[in-house]
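When reading the values below, keep in mind they use all heavy atoms of this one structure, side chains included, and skip hydrogens, waters and symmetry mates. Here, residue 1 is the first one in the sequence, and each next residue gets the next number.
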Amino acid sequence: MKKLWGGRFTGSAEDWVDEFGASIGFDQELAQQDIEGSIAHAAMLAKCGIITSSESDNIIQGLKMLEQKAKNNELEYSAKLEDIHLNIEHHLTEMIGPTGGKLHTARSRNDQVATDMHLYLKTQVGEIIDLITEFQNTLICQAEQNVETIMPGYTHLQRAQPISFAHHLMAYFWMLERDKHRYTDSLKRISLSPLGAGALAGTTFPIDRNFTAEMLGFEGIYENSLDAVSDRDFILEFLSGSSILMMHLSRLCEEIILWSSQEFQFIELSDTFTTGSSIMPQKKNPDMAELIRGKTGRVYGSLMGLLTVLKGLPLAYNKDMQEDKEGMFDTVKTIKGSLKIFSGMVKTMNVKKEKMEGSVKNDFSNATELADYLAAKGVPFREAHEIVGKLVLDCIQKGCYLADLSIEEYQSMNSLFEKDIYEALNPYNAVERRNSAGGTGFSEVKAQIDKAKELV
Ligand code: ARG
């Protein structure tokens, strides 16, 4: 097969070298975008009088047929033709004859590949944003059913203060909201067209970059042709936003794994999202949560990989940049898959309310209530803290909890203690009363859920 740059060469490359340099094995994912970009380019060439309308029509018709074939997986790709761009151009010329060779007028694969990836991410990021919203809705739904479900809140994975389970779930809602903002913001930069930057310097042909940009649904064009073909920031942004999202999901994975353990028993996952063991009949493993926690590593890896590829690259295009694709494709697949699994997993999980509530009754997570009780009666908080610390120690030595101490025992420690301390010690009351803005108090959690609903 003759190379498209055959004119300059006397020898021919060996197959195994071609294989090594080829990207068609993975960039065929961009077939749709490549054809779309070419259609816009061909239309522009005619509109600007660079090729005739009949040539342009001819090219566009051919491209549309190829588009259909690509959709039906009927296009054959060859590593001899290196990448998706050369493969499509080859098929076009086979189909419509030498006019196909006019398509590449005033264009280079450098602006072409950049355009394809901008188009690809534009669609994918939009779909990811929708999947985030779907998962947020699932969280809201579970939260609404669990506003008054009390659980221990932790710091250092030690029982800290009782909280509403809805409050805990909603914390993830807000993380996802930020993730969504990051993706949405990145769309501004994804929506810039590099097409028409040529190989690096622009072109002498009287092209109209705004025409193609508009036709492809971009919001503007790159101002500098060198930047247009060298920039991969938009992919880096996608990978870093995705890394942060995966980090959030991975934290929730970790909690789901803990909560569904025999030690916690706060939730039970549905059978769909768990697996058994081939040897231990009693097992129900939270595989999907573990797998998403694990997949976080590959997304970070893709970010680190691309940062490293780009570091130190002189302007403009370098073949190194072909390495920008696999990590991006893999990340899209990982993020979409993880979000879908999460929506299902959280929607179907069984919340064991009594277990959660039961666990806060047998701990010291109400100690702050007691300190606050004294502080509200004018004892400096530091002193109150000291007094309650002694009471906790007293309980530990006696083998009981704060609610088990008698009023006499309390009053011997401080005369300000009265019978209503038992009210304050009740974890339900402790949660209900925490109504500072953004707190875990029921009315605050409800208000938070209402705000969240307005956003999705
Ligand atoms: N397959 C190449 C890539 O993915 C397309 C651009 C090739 N440009 C070039 N000048 N060799 O980066």
Side-chain angles (χ1 to χ4, degrees), residues 4-5 27 29-71 75 81 83-123 126 187-232 234 316-317 321:
L4 275 99
W5 47 81
D27 68 11
E29 180 98 27
L30 298 171
Q32 210 59 46
Q33 290 77 12
D34 199 67
I35 293 169
E36 203 187 320
S38 288
I39 290 175
H41 183 68
M44 181 279 292
L45 289 177
K47 183 231 150 209
C48 297
I50 301 166
I51 61 175
T52 68
S53 307
S54 83
E55 286 168 335
S56 171
D57 291 347
N58 211 350
I59 290 171
I60 291 174
Q61 212 172 16
L63 287 169
K64 287 194 169 154
M65 282 162 79
L66 290 178
E67 189 172 30
Q68 204 45 53
K69 283 192 168 189
K71 273 191 188 143
L75 277 189
L81 290 165
D83 57 25
I84 188 64
H85 326 294
L86 299 180
N87 270 273
I88 298 275
E89 190 180 329
H90 170 80
H91 280 301
L92 180 69
T93 309
E94 292 265 285
M95 190 183 278
I96 69 164
T99 310
K102 293 202 166 187
L103 171 62
H104 213 53
T105 315
R107 185 178 73 170
S108 152
R109 277 186 298 157
N110 298 346
D111 56 345
Q112 189 177 357
V113 70
T115 304
D116 291 3
M117 286 191 297
H118 277 271
L119 288 173
Y120 172 83
L121 269 191
K122 192 151 68 74
T123 310
L187 278 173
K188 290 183 210 151
R189 290 166 290 279
I190 291 174
S191 299
L192 287 183
S193 172
L195 192 57
L200 74 162
T203 174
T204 54
F205 288 99
I207 59 167
D208 184 345
R209 290 187 59 205
N210 289 309
F211 178 87
T212 44
E214 197 172 311
M215 198 169 158
L216 292 169
F218 286 119
E219 262 151 44
I221 61 172
Y222 275 86
E223 296 296 339
N224 180 306
S225 63
L226 280 175
D227 184 36
V229 292
S230 310
D231 176 36
R232 295 294 181 270
F234 65 106
Y317 179 83
M321 289 160 80

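Residue pairs meeting the salt bridge (Lys or Arg N to Asp or Glu O under 4.0 Å) criterion with at least one member in residues 195-224, sequence neighbours excluded, are Lys47-Asp208. Pairs engaging residues 103-112 under the salt bridge (Lys or Arg N to Asp or Glu O under 4.0 Å) rule: Glu82-Arg109, Asp83-Arg109 [sequence neighbours left out].
Of all heavy-atom pairs spanning Ala31 and Ala70, the tightest one is CB-CB, 4.2 Å. Minimum interatomic distance between Val229 and Gly198 (heavy atoms only, all atoms of both residues): CG1-O, 3.4 Å. The shortest heavy-atom contact between Gly37 and Leu195 is O-CD2, 4.1 Å. Across all their heavy atoms, Ser56 and Ala46 have their closest contact at CB-CB, 3.4 Å. The two atoms that bring Ser38 and Leu63 nearest to each other are CB-CD1, 3.6 Å, heavy atoms only. Closest approach of Ala228 and Ala197 over heavy atoms only: CB-CB, 3.7 Å.
Lys71 is linked by a side chain to side chain donor-acceptor pair (under 3.5 Å) to nothing, counting only residues two or more places apart in sequence or in another chain. Tyr120 is linked by a ring-ring contact (aromatic ring centres under 6.0 Å, His included) to Phe329, counting only residues two or more places apart in sequence or in another chain. Residues that satisfy the side chain to side chain contact (heavy atoms under 4.5 Å, CB included) test with Lys64, not counting sequence neighbours, are Ile39, Ile60, Glu67. Not counting sequence neighbours, the partners of His118 by the side chain to side chain donor-acceptor pair (under 3.5 Å) test are Tyr222. In this structure, the side chain to side chain contact (heavy atoms under 4.5 Å, CB included) partners of Ala199, at least two apart in sequence or on a different chain, are Ser108, Asn110. Checked against side chain to side chain contact (heavy atoms under 4.5 Å, CB included), Met65 has the following partners two or more places apart in sequence or in another chain: Met95. Remark: Lys69 engages no residue in a side chain to side chain donor-acceptor pair (under 3.5 Å) (not counting sequence neighbours). Taking Asn87 as the reference, nothing meets the side chain to side chain donor-acceptor pair (under 3.5 Å) condition, with sequence neighbours excluded. Ser230 is linked by a side chain to side chain contact (heavy atoms under 4.5 Å, CB included) to Leu315, Ala316, counting only residues two or more places apart in sequence or in another chain. Among residues two or more places apart in sequence or in another chain, the salt bridge (charged side-chain N to carboxylate O under 4.0 Å, His left out) test is passed with Glu55 by Lys102.
Rounding to the nearest 0.5 angstrom, the gap separating the CG atom in Leu103 from the CG atom in Leu45 is 7.5 Å. Distance check: Leu119 CG to Ser193 OG gives 8.0 Å after rounding to the nearest 0.5 Å. Within the model, atoms CD1 of Ile190 and CE of Met117 stand 11.5 Å from one another, a figure rounded to the nearest 0.5 Å. Considering CE of Met215 and OG1 of Thr212, their distance stands at 9.0 Å, rounded to 0.5 Å. Here the CD1 atom belonging to Ile84 is positioned 8.5 Å from the CG atom belonging to Asp116, to the nearest 0.5 angstrom. Of the inter-residue distances, the one linking His104 atom NE2 with Ile59 atom CD1 reads 12.0 Å to the nearest 0.5 angstrom.
Cation-pi geometry between Lys122 and Phe234 is not met: the NZ or CZ atom fails to fall both under 6.0 Å from the ring centre and inside 45° of the normal.
Between His85 and Glu89 there is no side-chain heavy-atom pair separated by less than 4.5 Å. Counting heavy atoms from C-beta outward, Pro206 and Ile50 have side chains that approach closer than 4.5 Å. At a threshold of 4.5 Å between non-hydrogen side-chain atoms, the residues Leu75 and Ile88 count as touching.
Remark: the backbone N or O of Gly62 is not paired with any side-chain donor or acceptor of His91 at under 3.5 angstrom.
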